[in-house]
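What follows is a single structure, written as structure tokens, with notes after it.
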Amino acid sequence: MSTENEGTAVPPAPSAPPVPVDAPAASTPQASEAGAPTTPIPPVPPHASGGAQGPELVHAGPAPAYSSAEGGAHQGAGGTPQHPGPGPEGAWPPPQAPGTPLYADGGAGGAGGAGGAGGAWGSGYQQPAPKPKNGRGGLVAAVLVAALVAGGLGGGLGYTLAKDNDNGSSTTLSASDSGGSVKRDAGTVAGVAQKALPSTVTIEAESTNGEGGTGTGFVFDTQGHIVTNNHVVADAVDGGKLSATFPSGKKYDAEVVGHAQGYDVAVIKLKNAPSDLKPLTLGNSDQVAVGDSTIAIGAPFGLSNTVTTGIISAKDRPVASSDGSGSNASYMSALQTDASINPGNSGGPLLDAQGNVIGINSAIQSTSGGGLGGTSQSGSIGLGFAIPINQAKYVAQQLIQTGKPVYAKIGASVSLEDSTGGAKITTEGAGGADPVEAGGPAAKAGLKPGDVITKLDDHVIDSGPTLIGEIWTHKPGDKVKITYERGGQTHAVDLTLGARTGDS
């Protein structure tokens with residue numbers, strides 16, 4: 001499945017999620033050392049003709065552009081984004097293809113919002129247009145009518161009772177002053193929200209030319225690190241402005257510690273961070289089951305500290321999303337939820353019923369061709385996608401330690417078309433390089449150009465994006481089993497994943 005970052009087109013993605021064999025439990029990723037650079041991931045081409053076209057996804061980020069969905073996704077630079085033609089297979093970063101889902105932010109920034117035209121992750125900073133006065137008047141009128149009806153009914157009953165019981169004396173009945181104390185148990189949505197909200201922030205990112213958007217983030221540690229989506233803060237990476245505001249109204253300037261475009265994860269740090277920060281508890285996304293309750297917190301269309309609920313609709317959903325710039329693409333094996341996620345929710349936490357973070361809201365399915373950003377920004381249709389927290393935690397730790405992301409790799413370029421029935425190793429690599437890296441993991445395992453990878457461990461691989469997203473749920477050094485087809489015959493081989501440091 002491919003998604004668009006709010007306001008951005010996204011690379012094509014498989015139309016159906018991989019179907020695990022015997023539903024084995026996913027293993028929890030383990031931290032690893034940054035390894036040698038790997039071959040670039042192939043570009044995301046336009047939807048292949050004749051092939052199934054995956055749903056359009058947009059980043060739930062800034063209310064203007066790149067399901068991250070947040071108070072306004074980051075918007076792209078004023079105007080319709082220019083999409084360069086598809087690059088050579090195997091190129092990195094892969095170009096964004098038309099019709100690709102966008103970050104839930106509705107813009108280049110994901111769930112955050114972008115202020116510029118063109119749609120970016122999240123919502124822009126502009127004040128929303130005032131609502132027609134007759135809207136509020138109608139609401140007040142309806143309330144008054146209801147009150148009058150209720151009052152009339154109460155008065156009638158009171159008169160009847162007084163008449164039937166009139167014995168010459170007057171009796172006054174007084175109502176109780178209190179309905180009792182309100183108790184919100186920790187396991188209720190209200191209880192979870194009450195505990196989690198103080199540890200979430202609304203992020204405003206602004207580029208040097210004044211463009212930007214709004215997204216969401218959450219407290220990762222007591223040192224002031226905040227985890228969010230890459231597309232939420234992308235505008236502020238090169239000399240821009242960045243701030244984070246808590247529900248209490250306290251606002252802090254912040255700086256980008258590290259960002260991973262491929263994972264769509266970023267870490268920022270508060271300047272002069274307070275000493276009483278309370279990090280949210282991280283759950284175990286491998287143990288999440290379809291049907292589990294979910295709670296999402298974000299700033300949809302700039303409405304900070306919004307809480308919505310739903311369930312886990314699916315797991316291991318292959319999602320390719322983009323910021324619409326034509327080159328930036330993210331891949332994930334996502335948690336799908338029907339909790340309402342909109343531009344500006346990007347980067348916000350997806351919680352379980354106990355308040356543990358199980359994912360980072362990043363992209364949404366869009367019904368419009370332009371995604372959640374720009375002139376045709378759309379909202380939630382119940383198809384939101386979150387980066388599993390086990391993966392995000394590993395990435396965040398790498399960014400805090402080194403400032404750069406580390407990606408697992410097989411050392412081979414694969415086609416990103418979704419009509420091959422698997423991930424086909426291309427005959428030509430990025431920039432004319434070998435499609436199978438000499439001495440790399442794939443070469444050592446005996447894989448060759450033209451081989452079609454159909455499974456990674458027990459996960460069915462139906463396209464290149466699905467393979468990339470599945471590989472990135474692992475860490476360099478992990479051993480996986482690759483099932484592939486060659487000349488009509490099926491083969492299986494064990495392979496140890498290599499490492500690539502950085503996005504370039």
Side-chain angles (χ1 to χ4, degrees), residues 60 67-71 104 111 143 175-203 215-222 226-228 244-250 274 276-315 334-342 344-362 364 379-390 392-393:
S67 158
S68 303
E70 278 85 11
V143 173
S176 172
D177 292 335
S178 172
S181 61
V182 178
K183 182 179 181 181
R184 294 182 176 86
D185 295 332
T188 64
V189 174
V192 169
Q194 189 175 49
K195 183 177 180 180
L197 277 169
S199 296
T200 62
V201 297
T202 297
I203 297 173
T216 307
F218 62 92
V219 177
F220 187 69
D221 59 27
T222 57
I226 304 292
V227 171
T228 184
T245 305
F246 286 84
S248 64
K250 291 183 178 180
D276 58 350
L277 291 175
K278 295 182 179 179
L280 290 182
T281 302
L282 305 185
N284 185 345
S285 51
D286 290 340
Q287 295 181 352
V288 170
V290 173
D292 281 351
S293 297
T294 57
I295 301 169
I297 299 179
F301 297 103
L303 301 174
S304 301
N305 316 316
T306 295
V307 177
T308 56
T309 64
I311 62 169
I312 291 294
S313 304
K315 294 182 62 177
L335 295 176
Q336 181 182 324
T337 180
D338 65 348
S340 183
I341 294 176
N342 289 285
N345 274 106
S346 285
L350 183 68
L351 310 171
D352 62 19
Q354 288 71 47
N356 304 310
V357 182
I358 54 175
I360 300 177
N361 301 316
S362 181
I364 60 175
S380 173
I381 57 173
L383 293 174
F385 304 91
I387 303 166
I389 195 59
N390 286 5
K393 176 183 177 181

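Taking CG of Asp292 as the start and CD1 of Ile312 as the end, the distance is 6.5 Å to the nearest 0.5 Å. The CD1 atom of Ile358 sits 11.5 Å away from atom CD of Gln287, with the distance rounded to the nearest 0.5 Å. From Asn361, atom CG reaches atom OG1 of Thr294 across 8.5 Å, with rounding to the nearest 0.5 Å. To the nearest 0.5 angstrom, Asn390 atom CG is 9.0 Å from Leu282 atom CG. Interatomic distance, Asn356 CG to Asn284 CG, rounded to the nearest 0.5 Å: 10.0 Å. Remark: Ile341 CD1 to Ile364 CD1 distance equals 8.0 Å, nearest 0.5 Å.
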Q) Does the pair Asp338 and Leu383 meet the rule for a side chain to side chain contact (heavy atoms under 4.5 Å, CB included), with working shown? A) CA-CA 5 Å; Asp338 65 348; Leu383 293 174; over 6 Å; no
Q: Begin with the C-alpha distance, continue with both residues' side-chain angles, and end with the deciding distance and a verdict on side chain to side chain contact (heavy atoms under 4.5 Å, CB included) for Ile360 and Phe218.
A: CA-CA 9 Å; Ile360 300 177; Phe218 62 92; 4.0 Å; yes
Q: Could you give me the CA-CA distance, side-chain angles and deciding distance for Thr306 and Ile297, then say whether side chain to side chain contact (heavy atoms under 4.5 Å, CB included) is met?
A: CA-CA 6 Å; Thr306 295; Ile297 299 179; over 6 Å; no
Q. Passes side chain to side chain contact (heavy atoms under 4.5 Å, CB included), Thr216 versus Ile203? Steps please.
A. CA-CA 5 Å; Thr216 307; Ile203 297 173; over 6 Å; no
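By the 4.5 Å heavy-atom criterion applied to side chains, Thr200 and Pro349 are counted as neighbours. Leu351 is listed as a side-chain neighbour of Val192, based on a closest heavy-atom distance under 4.5 Å.
Between Thr309 and Val189 the shortest heavy-atom distance is CG2-CG1, 3.7 Å. Across Lys315 and Val288, no two heavy atoms sit closer than the pair NZ-O, 2.7 Å. Taking all atoms of both residues into account, the shortest heavy-atom contact from Ser285 to Leu335 is CB-CD1, 4.4 Å. Among all heavy-atom pairs drawn from Ala296 and Ala339, the shortest one is CB-CB, 4.2 Å. Pro279 and Phe220 make their closest contact through CB-O, 3.6 Å (heavy atoms, listed as atom of the first residue, atom of the second, distance). Shown here for Leu277 and Asp221, the closest heavy-atom pair between the two residues is CD1-O, 4.1 Å.
Thr202 and Ser304 share a donor-acceptor pair across their side chains, judged by distance under 3.5 Å alone. Between the side chains of Ser313 and Thr337, no donor-acceptor pair is found at a separation under 3.5 Å.
Under the 3.5 Å distance criterion, the side-chain polar atoms of Thr308 are matched with a main-chain donor or acceptor of Ser340. Ser362 contributes no side-chain N or O that, together with a main-chain N or O of Ala386, makes up a donor-acceptor pair within less than 3.5 Å.
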